[in-house]
Amino acid sequence: MDLELLTGSVTAVMGPSGSGKSTLVSVAAGLDTATSGSVRVAGHALDAMSPDALTRFRREQVGFVFQGYNLVPHLDVASNIALPLVLASRRPDAGWSAHLVDRLGLAGLEHRLPGELSGGQAQRVAIARALVARPSIVFADEPTGALDARTGRQVLHLFLDVAREFGQTLVVVTHDAGVAAATGEVVLLADGRVADRMHAPSDEQVAARLLELGR
């Protein structure tokens with residue numbers, strides 16, 4: 001599979017069950033090793049790295065946003081956001097962190113625990129955590145899947161707006177045609193290969209093409 005994503009691009013990845021979405025993300029993020037070929041992120045060949053170097057690379061250059069938030073329950077909002085920097089032994093940039101908190105509508109919530117947040121607030125914390133280290137790329141796996149439709153749309157559009165504002169390369173794995181269409185570019189997988197790329201499609205076009213691939 002050959003796939004190139006430009007720096008600053010916002011892309012959705014879709015495909016029928018078993019099409020290779022999870023494998024693509026795992027390999028591209030350096031969580032798994034490709035059995036053939038090569039993977040390059042921000043000019044770095046992941047397959048040439050030692051395990052320790054790859055771990056450091058992920059901490060510094062790759063951000064993740066999960067459907068289930070994955071916040072640490074005993075850490076407050078500010079500490080959850082700063083966690084990637086702590087793990088990488090990097091000093092937080094107070095100005096950048098404050099900007100993220102403000103931009104994502106989290107001001108005033110910094111000392112709350114995850115259990116005291118709504119689903120939408122928790123996912124916005126997860127987004128801030130993914131962006132705080134200024135990674136080369138952020139992978140979002142069904143980022144609105146645990147939210148109701150209205151909250152999911154609000155969080156998604158805020159996420160996309162912030163990613164574009166910061167020039168952040170973003171890959172969103174989703175089953176939702178509406179989520180995919182909002183990103184502007186959709187990569188469709190089938191049987192472990194790129195079956196199609198759609199630029200600025202409508203929800204209906206994405207859903208129809210996905211249905212064709214699933215037959």
Work out which heavy atom in [X] is nearest to a heavy atom in [Y]; give both atom names and the distance.
X	Y	result
L188	R209	CD1-CG, 3.6 Å
A12	T174	CB-CG2, 4.4 Å
P135	G63	CB-N, 3.7 Å
V132	W96	O-NE1, 3.1 Å
P114	P73	CD-O, 3.5 Å
A182	R164	O-NH2, 3.2 Å

Do the side chains of [X] and [Y] join up, straight or via other hydrophobic residues, at under 4.5 Å, putting them in one cluster?
X	Y	result
V173	V194	yes
V10	L5	no
V101	V125	yes
V41	L3	yes
L54	V138	no

*How about D52 and T55: does a side-chain donor come under 3.5 Å of a side-chain acceptor?*
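No pair is found: no donor N or O on one side chain lies under 3.5 Å from an acceptor on the other.
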_Is it true that H44 and Q61 share a donor-acceptor pair across their side chains at a distance under 3.5 Å?_
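There is no such pair (donor and acceptor under 3.5 Å, judged by atom type) between the side chains of Q61 and H44.
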Return yes if some donor-acceptor pair links the side-chain N/O of [X] with the main-chain N/O of [Y] below 3.5 Å, else return no.
X	Y	result
E142	H175	yes
S118	Q121	yes
Q123	P143	yes
S97	D93	yes
D32	V27	no
R129	N70	yes
R197	V187	no
S26	T23	no
R58	G30	yes
S9	T11	no

Interatomic spacing from [atom1] in [X] to [atom2] in [Y] - rounded to 0.5 Å:
X	Y	atom1	atom2	result
R112	L106	CZ	CG	10.5 Å
R103	D161	CZ	CG	6.0 Å
L189	M14	CG	CE	10.5 Å
Y69	I127	OH	CD1	10.5 Å
L160	H157	CG	NE2	7.0 Å
R193	S19	CZ	OG	13.5 Å

_Checking D141 against V65 for the side-chain contact (heavy atoms from CB on, under 4.5 Å) test, could you report, in this order, the C-alpha distance in whole Å, the side-chain angles of both residues, the deciding distance, and whether it holds?_
CA-CA 6 Å; D141 185 7; V65 178; over 6 Å; no
State, with a plain yes or no, whether a side-chain heavy atom of [X] is found less than 4.5 Å away from one of [Y].
X	Y	value
V62	F57	yes
V206	D203	no
L131	V162	yes
T169	S136	no
L100	F166	yes
L46	R40	no
F159	L170	yes

*asked:* Could you check whether atom CG of D191 has more than 12 heavy atoms from other residues, nucleotides or ligands sitting under 6.0 Å from it?
replied: no
*Could you go through the side-chain contact (heavy atoms from CB on, under 4.5 Å) check for V13 and V25 one step at a time?*
CA-CA 9 Å; V13 176; V25 169; 5.8 Å; no
*Show the numbers, then the answer: is there a side-chain contact (heavy atoms from CB on, under 4.5 Å) between E60 and R90?*
CA-CA 9 Å; E60 297 173 2; R90 291 170 57 185; 4.3 Å; yes
*According to the interplanar angle, ranging from 0 to 90°, do the rings of F64 and F66 count as parallel (below 30°), tilted (30 to 60°) or perpendicular (above 60°)?*
parallel
